[in-house]
There are 2 protein chains.
Amino acid sequence: MTIRIVIADDHAVVRQGLKMFLLDDPEFVVVGEAQNGAEALKLAHELNPDVILMDLLMPVMDGITAIGRVRRECPDTEVIALTSVLEDASVVGAVRAGAIGYLLKDTQADELIRSIKAAANGQVQLSPQAAARLVREVRAPESPESLTEREIDVLRLLAQGKANKEIAQALVIGENTVKTHVSSILLKLGVQSRTQAALYARQIGLGPVD
Amino acid sequence: MTIRIVIADDHAVVRQGLKMFLLDDPEFVVVGEAQNGAEALKLAHELNPDVILMDLLMPVMDGITAIGRVRRECPDTEVIALTSVLEDASVVGAVRAGAIGYLLKDTQADELIRSIKAAANGQVQLSPQAAARLVREVRAPESPESLTEREIDVLRLLAQGKANKEIAQALVIGENTVKTHVSSILLKLGVQSRTQAALYARQIGLGPVD
DNA sequence: TGCGATCTCCGCCAAAGGGAGGAGGAAGGT
DNA sequence: ACCTTCCTCCTCCCTTTGGCGGAGATCGCA
């Protein structure tokens, strides 16, 4: 039984390196490569792969957004976040978005292979460091759980320093609607300004993955 | 004539991918691999390679520091910064430290090969994006060093989400004065809003004790 | 002495942000 | 069918932000 894999990373070098690693095991077939989150989502629909190895820092559509959509739209596809930086923010964000694994790019080939096989069977795979971050987060939950999906969309853009008008354009809704969402966010987070909301969002892992 | 290369990157995947790329051209020989800047410096001394491909984000000793030391201690070795993120700060830092090139990891194999050959001959190689950042920097230096002491005071409070009125009270100055400082900060940092300034400040380590 | 940078403050004004409240529609659970 | 939540958009109104020009005071340096 083969495991069909899609690699999503904007760097050709990384894609090449991953393919080399995966060639070691005949069980793996790389069925597609994506250079950004949007392409990854498209390939997920077309190819319905078993596993997507997803970088988090990508243009057009970032990895976390892509993970969320893949999980919602292609529930049979498991996603492993594969990133170079270990940051509390992205670990929590990726897992919350539905990633079954979070691995660092300095993972050794054999460990990577084991993790992909486990993920294909629905088993959670976290690097030890990532697991530690997650535990710390769960123990002191400061999640914007009460925020709705749309509010989180708005907050994510707000945390990039975007103005209401820009957020409206990005989400293809009216500026008034954005203001409504922002008001709700400020109320729910208990902060007094968008700047405070942005800082809070960064702290808990929303915003651009960096 | 062969070009002797050292690869410095903390991620095994990336090193593997780069080696695959370089195998395409018989002129290249990868004589060593380093997992951090300190190792790269050690290898530079021992092997005296023609070119080092240096990641900037590495543990133990970061790439920019390593570039500076390699250039000072092994002047025959040229260094190409090869990084995943395009950030004004690192472009300027790497070039200032003595990098002869600054390439992104999403560079295509053939372009990478051409760049390494050029670098071995002492020719500058910058990705178009990196070149643009450099030009912008030279034209309008936007380092936080250009901020005055008082402006940094204001920025620090701003990065805590404080409003102009609160900043004024904290610094015991008038609100109008705060507005003047904020305007200068926005201008110097090249950002469009206080929220962006706050995020930038956090990124460079300003803000509350952290 | 003059020059330049910095810090302080002022007023004016346009734009953006944010509070309060209402309202329609879609989706899902009872 | 009903209720709730959410998303969407609206109006009215006020505050905050930020751009612009101007200005006096201090300090240090050429």
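Below, chains carry the letters A, B, ... as their sequence lines are ordered, and counting in each starts from 1.
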Output yes when at least one side-chain N/O atom of B/S183 is less than 4.0 Å from OP1 or OP2 of D/dT17, else no.
no

Can you measure from OG1 (A/T177) to CD1 (A/I167) and round to the nearest 0.5 angstrom?
12.0 Å

Heavy-atom side-chain proximity of B/N36 to B/D10 below 4.5 angstrom
no

Atom-to-atom span, CG of A/L186 to P of C/dA20 - whole angstrom:
11 Å

Any residue in residues 163-172 of chain A with a heavy atom nearer than 4.0 angstrom to DNA chain D? Just list them by number, or reply none.
none

What residue pairs, at least two apart or across chains, pass salt bridge (charged side-chain N to carboxylate O under 4.0 Å, His left out) with a residue in residues 164-180 of chain B?
none

Any non-hydrogen side-chain atom of A/I173 less than 4.5 Å from a side-chain atom of A/H181?
yes

In this structure, how many angstroms lie between the P atom of C/dT8 and the CD atom of B/E151, rounded?
10 Å

Quick one: A/L189 CG to C/dG18 P, roughly how many Å, whole number?
12 Å

Can you list everything that forms a side chain to side chain contact (heavy atoms under 4.5 Å, CB included) with A/L23? Sequence neighbours excluded, please.
A/M20

Pairs in or reaching into residues 189-201 of chain A: which pass salt bridge (charged side-chain N to carboxylate O under 4.0 Å, His left out), with residues at least two apart or in two chains?
none

Residues which pass salt bridge (charged side-chain N to carboxylate O under 4.0 Å, His left out) with B/R150, listed by chain and number, not counting sequence neighbours
B/D153

Could you write nucleotides 21-30 of chain C as a row of B, S and -, 5' to 3', where a protein heavy atom under 4.0 Å of any base atom gives B, of only sugar-phosphate atoms gives S, and otherwise -?
----------

Of the listed D/dG19, C/dG17, D/dC7, the closest approach to the A/R194 side chain comes from C/dG17

For C/dC9 and B/T177 - does any side-chain N or O of the residue sit under 4.0 Å from the phosphate oxygens OP1/OP2?
yes

Provide, to the nearest angstrom, the distance between the CG atom belonging to A/L157 and the P atom belonging to C/dG17.
13 Å

Nearest-Å distance, NZ (B/K162) to P (D/dT17)?
13 Å

Residues in side chain to side chain contact (heavy atoms under 4.5 Å, CB included) with B/V13, at least two apart?
A/V14, A/L18, A/F21

Smallest separation among heavy atoms of A/S115 and A/I80, with atom names:
O-CD1, 4.0 Å

Checking A/L53 against A/I5 for the side-chain contact (heavy atoms from CB on, under 4.5 Å) test, could you report, in this order, the C-alpha distance in whole Å, the side-chain angles of both residues, the deciding distance, and whether it holds?
CA-CA 7 Å; A/L53 295 181; A/I5 301 175; 4.3 Å; yes

Collect all protein-nucleotide pairs involving nucleotides 27-30 of chain D in which both atoms are nitrogen or oxygen and the distance is under 3.5 Å.
none

Does B/H181 place a side-chain N or O at less than 4.0 Å from the phosphate oxygens OP1/OP2 of C/dT8?
yes

Do A/K188 and A/T148 come within less than 4.5 Å of each other through their side chains, counting heavy atoms only?
yes

Nearest to the A/N176 side chain among D/dC9, C/dG18, D/dT17, which nucleotide is it?
D/dC9

Atom-to-atom span, CD of A/E175 to C1' of D/dC7 - whole angstrom:
17 Å

Atom CG of A/L158 to atom P of C/dG17: distance rounded to whole Å?
9 Å

C/dC7 OP1/OP2 closer than 4.0 Å to side-chain N/O of B/R150:
no

Sequence-distant partners of A/V191, side chain to side chain contact (heavy atoms under 4.5 Å, CB included), two or more places apart:
A/L186, A/L189, A/Q196, A/A197

Let me spell it out: for each of B/S184 and A/K179, pick the nucleotide of DNA chain D with the closest heavy atom. Which residue's pick is nearer the 5' end?
A/K179

Can you sort out the partners of A/A198 under side chain to side chain contact (heavy atoms under 4.5 Å, CB included), two or more places apart, ordered by chain and number?
A/L158, B/T195, B/L199

Separation of C/dC7 atom P from B/D153 atom CG, nearest Å, is 9 Å

Can you find a pair of side-chain heavy atoms, one from B/V51 and one from B/V79, that are under 4.5 Å apart?
no

Among C/dC9, D/dT8, D/dC6, which is the nearest nucleotide to the side chain of A/I173?
D/dT8

Mind jotting down which residue pairs meet the side chain to side chain donor-acceptor pair (under 3.5 Å) criterion with at least one end in residues 17-26 of chain A? Sequence neighbours excluded, please.
A/K19-A/E33, A/D25-A/K117

Let me test you: for the helix from C/dT1-D/dA30 to C/dT30-D/dA1, what is the angle between the axes at its two ends (five pairs each), rounded to 10 degrees?
40°

